[in-house]
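A short worksheet on the structure shown next.
By convention here, the first residue in the shown sequence is residue 1. All of these numbers come straight from a predicted model, not from anything done at the bench.
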Amino acid sequence: MDNLLKRLKEQKVQRVAVMGGTFDPIHHGHLVTAEIVRVKYDFDKVVFIPSGIPPHKEDSSVTLSEHRLNMVKLAIDTNPYFEVSRMEIDRGGYTYTIDTIIEFINYLGNNLSIHFITGADVMFQILSWKDAKELLSLCKFIAVTRPGYDKSALNIKVEELIDKYKSDITILEVPAIAISSTEIRRRVNSNLSIKYLLPEKVEEYIKKNRLYINREKDYDK
């Protein structure tokens, strides 16, 4: 059992936002988005869940999970509303969001209001996710996008998902912080500064452990 779930149950937490991803590495874009969502929708907690082996990145050289977990811990340690879970790392095998959501609900109960924070583009591919129909019924989604993003096609897609699967999907604009994990890895590999793109503790961790050096491949978050 994930110790985080046990702690959330003891605290009688009922409103949780989950932010999944590889976090390779976590950066200020993730953190700002999570905080804006937390405040706007009054969540008790935002839980960051570094993925184990994401099926859509099976050909990628994702950084070791313990490094990614450690970087998330360092990034969130000053925010009492942020938590990190290692459930997907410990589960083993490929990582599927539906398994994570069910684990939350089974342990914390049906009264739990759980939202999954994701990029808006995910709405165009979510039906390819494992058990997508069940996922859309169990979990509410907050699809995050940047100001200036053309939402015409997105609005149509979201309406389709809501009508067909009775899902709860909210589109939310967040400030345009054009930071990506891919760009950070490229900059480290090219010996360029990554200062102010991510927390200083994470930057120090990357340097200490010589992450993202001499890597030919680079991948999305």
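Taking a 6.0 Å sphere around NZ of K164, one finds it holds 12 or fewer heavy atoms contributed by other residues, nucleotides or ligands. When the shell of 6.0 Å around CG of D163 is examined, it contains more than 12 heavy atoms from other residues, nucleotides or ligands. Taking a 6.0 Å sphere around CD of E200, one finds it holds 12 or fewer heavy atoms contributed by other residues, nucleotides or ligands.
Tracing side-chain contacts under 4.5 Å through hydrophobic residues (I, L, V, M, F, W, Y), one never reaches V188 starting from L192; they form parts of separate clusters. In the hydrophobic clustering of ILVMFWY residues, with side-chain heavy atoms under 4.5 Å counting as a link, V122 and L154 come out together. The hydrophobic cluster containing I206 does not contain L64, counting ILVMFWY residues as joined when their side-chain heavy atoms lie under 4.5 angstrom apart, directly or transitively.
R187 places no side-chain N or O within donor-acceptor distance of the main-chain N or O of I194, the cut-off being under 3.5 Å. The closest donor-acceptor contact from the side chain of T145 to the backbone of E173 lies at 3.5 Å or more, if one exists at all. When atom types are taken as modelled, the side chain of N70 and the backbone of E66 share a donor-acceptor pair closer than 3.5 angstrom. S193 contributes a side-chain N or O that, together with a main-chain N or O of K195, makes up a donor-acceptor pair within less than 3.5 Å. Under a 3.5 Å cut-off, the side chain of N209 and the backbone N or O of L211 do not form any donor-acceptor pair.
A donor and an acceptor atom, one from each side chain of H28 and Y196, are nowhere located under 3.5 Å apart. For the residue pair Q14/D44, the side-chain donor-acceptor check at 3.5 Å is not satisfied.
Each of F43, F104, F141 was scored for a ring pair (Phe, Tyr, Trp, His ring centres under 6.0 Å) with H115, with one residue passing: F43.
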- Apply side-chain contact (heavy atoms from CB on, under 4.5 Å) to the pair E35 and V46, showing each step before the final yes or no. CA-CA 8 Å; E35 181 66 2; V46 176; over 6 Å; no
- Task: Take L172 and V37 through the side-chain contact (heavy atoms from CB on, under 4.5 Å) test and state the conclusion after the steps.
- Result: CA-CA 8 Å; L172 176 67; V37 168; 3.7 Å; yes
- Message: I102 vs E134, test: side-chain contact (heavy atoms from CB on, under 4.5 Å). Steps then yes/no.
- Response: CA-CA 10 Å; I102 289 176; E134 182 181 10; 3.8 Å; yes
- Query: After noting the C-alpha distance and the side-chain angles of T63 and D24, does the key distance pass the side-chain hydrogen bond (donor to acceptor under 3.5 Å, both in side chains) rule?
  - Reply: CA-CA 7 Å; T63 302; D24 194 14; 2.7 Å; yes
- Task: Step by step, work out the side-chain contact (heavy atoms from CB on, under 4.5 Å) result for K45 and R38.
- Result: CA-CA 7 Å; K45 294 287 184 180; R38 180 190 72 79; over 6 Å; no
- Full working for salt bridge (Lys or Arg N to Asp or Glu O under 4.0 Å) between K208 and E204: CA-CA 6 Å; K208 179 180 179 181; E204 292 172 353; over 6 Å; no
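Across T95 and S51, no two heavy atoms sit closer than the pair OG1-C, 3.9 Å. Scanning both residues, M71 and I26, for their nearest heavy atoms gives O-CG2, 3.7 Å. Residues G29 and T33 approach most closely at O-OG1, 2.8 Å, considering heavy atoms. Here the closest non-hydrogen pair linking P175 and P147 is C-CD, 4.0 Å. Across every non-hydrogen atom of H67 and Y205, the tightest pair is ND1-OH, 2.7 Å. Minimum interatomic distance between P25 and I184 (heavy atoms only, all atoms of both residues): CG-CG2, 3.7 Å.
In this structure, the separation between CG on D99 and CZ on R91 is 5.0 Å, given to the nearest 0.5 Å. Annotation: the span from L4 atom CG to K9 atom NZ amounts to 13.5 Å, rounded to 0.5 Å. The distance from atom CG of L8 to atom CG of N3, rounded to the nearest 0.5 Å, is 11.0 Å. The distance from atom OG1 of T100 to atom CG of L135, rounded to the nearest 0.5 Å, is 10.0 Å. The distance from atom CG of L108 to atom OG of S113, rounded to the nearest 0.5 Å, is 12.0 Å. Note that the CZ atom of F124 and the NZ atom of K157 stand 8.0 Å from one another [nearest 0.5 Å].
Taking the six-membered ring wherever Trp is involved, the centroid distance between the rings of H30 and F48 does not fall below 6.0 Å.
Among residues two or more places apart in sequence or in another chain, the salt bridge (Lys or Arg N to Asp or Glu O under 4.0 Å) test is passed with D90 by R86.
With a 4.5 Å cut-off on side-chain heavy atoms, T118 and M123 count as touching. Under the 4.5 Å side-chain criterion, counting only non-hydrogen atoms from C-beta, V47 is not in contact with V84. Two residues are said to be in side-chain contact when any heavy atoms from C-beta on lie closer than 4.5 Å; Y96 and E88 fail this criterion. You'll find the side chain of Y165 reaches within 4.5 Å of the side chain of L127, heavy atoms only. Residues Y41 and R15 form a side-chain contact, since some pair of their non-hydrogen atoms from C-beta on lies under 4.5 Å apart. A heavy-atom distance below 4.5 Å is found between the side chains of L31 and P199. In this structure the side chain of I114 reaches within 4.5 angstrom of the side chain of V18, judged on heavy atoms. Residues K140 and T170 have side chains not in contact (no heavy-atom distance under 4.5 Å, counting atoms from C-beta outward).
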